[in-house]
Amino acid sequence: MPGTSATRGDLEQLLAVDVSPELLELALTHRSYAYEHGGVAHNERLEFLGDSILGQAVTVMLYRDNPDLDEGELAKRRASLVSSVALAEVARQIGLGRHIRLGRGEELTGGRDKSSILADTVEAVIGAAYLDAGGEAATALVMRLIAPLLMDPSRFGAAMDPKTSLQELAARLGRGIPHYAVTDSGPDHSKRFHATVSLGGTDIAEGNGTSKKQAEMAAALEAWTQLSVIP
């Protein structure tokens with residue numbers, strides 16, 4: 001069950017930074033939960049702080065590690081690494097979604113896998129690390145979190161634009177053009193979308209989301225992941 005002491009302990013081990021249980025819980029509390037529980041504190045102030053810490057850490061890292069890149073290229077790489085898509089990938093890799101405290105409405109509409117919620121929570125956790133453990137520890141946390149993106153640039157690129165990446169990979173493999181079929185379910189105010197992507201008339205992968213675009217992107221990334229391991 002999300003938020004239990006066992007799974008919270010697992011998260012603390014993954015983060016490897018000293019943050020008090022109270023502050024970590026605040027970092028994991030989405031505003032939807034706060035509104036449904038009498039207006040308790042939520043993580044948006046920590047998110048604001050963490051965004052600044054994240055940006056500074058990534059900027060310094062890129063500047064130091066890429067002495068031959070000009071300002072424009074550095075700016076592009078920084079924008080990619082601090083984007084909501086990249087941070088959501090980071091969150092999924094550490095299983096952050098299952099620890100977030102959400103309101104019932106967000107819970108029922110797939111909030112645990114919404115890129116915006118995941119990305120905001122990553123920033124809030126970074127903010128909490130800064131407050132409790134200090135700047136060096138928070139910067140080290142940022143570097144640990146984004147390391148998988150830096151080590152696997154092809155997947156990072158695919159996550160940024162999965163539909164284009166899939167189309168390009170399918171063309172290289174001679175598999176044709178991807179086609180998407182999307183269905184929806186649920187009431188108008190909380191629809192869920194399911195996408196299936198096919199190549200050459202064969203279904204390759206599926207994806208879900210709270211919008212048609214999100215579902216197609218999820219399906220495309222899954223298809224890209226499958227095709228990219230083909231020898």
Should Leu118 and Leu87 be marked as a side chain to side chain contact (heavy atoms under 4.5 Å, CB included) after you check the CA-CA gap, both sets of side-chain angles, and the distance that decides it? CA-CA 7 Å; Leu118 289 172; Leu87 295 181; over 6 Å; no
Do [X] and [Y] touch side chain to side chain, with heavy atoms closer than 4.5 Å?
X	Y	value
Leu169	Arg172	yes
Lys114	Thr109	yes
Leu173	Leu199	no
His30	His42	no
Asp10	Leu14	no
Ile204	Glu222	no
Ser115	Arg92	yes

Does [X] belong to the same Ile/Leu/Val/Met/Phe/Trp/Tyr cluster as [Y], with side-chain heavy atoms less than 4.5 Å apart forming each link?
X	Y	result
Leu141	Phe48	no
Met61	Val17	yes
Phe193	Leu221	no
Val122	Leu150	yes
Leu74	Ile146	yes

For [X], does the [atom1] atom have more than 12 heavy-atom neighbours from other residues, nucleotides or ligands under 6.0 Å away?
X	atom1	answer
Lys76	NZ	no
Arg45	CZ	no
Gln56	CD	no
Ile177	CD1	no

Could you go step by step and tell me if Leu11 and Val125 meet the side chain to side chain contact (heavy atoms under 4.5 Å, CB included) rule? CA-CA 11 Å; Leu11 177 62; Val125 168; 5.8 Å; no
Verdict with reasoning, Leu145 to Leu54, per side chain to side chain contact (heavy atoms under 4.5 Å, CB included): CA-CA 10 Å; Leu145 291 174; Leu54 171 70; over 6 Å; no
Are Thr29 and Arg101 linked by a side-chain donor-acceptor pair shorter than 3.5 Å?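 Checked: Thr29/Arg101 side chains pair up, N/O donor to acceptor below 3.5 Å.
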Any side-chain donor-acceptor pair under 3.5 Å between Asp203 and Thr196?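 Per modelled atom types, Asp203 and Thr196 side chains form no pair under 3.5 Å.
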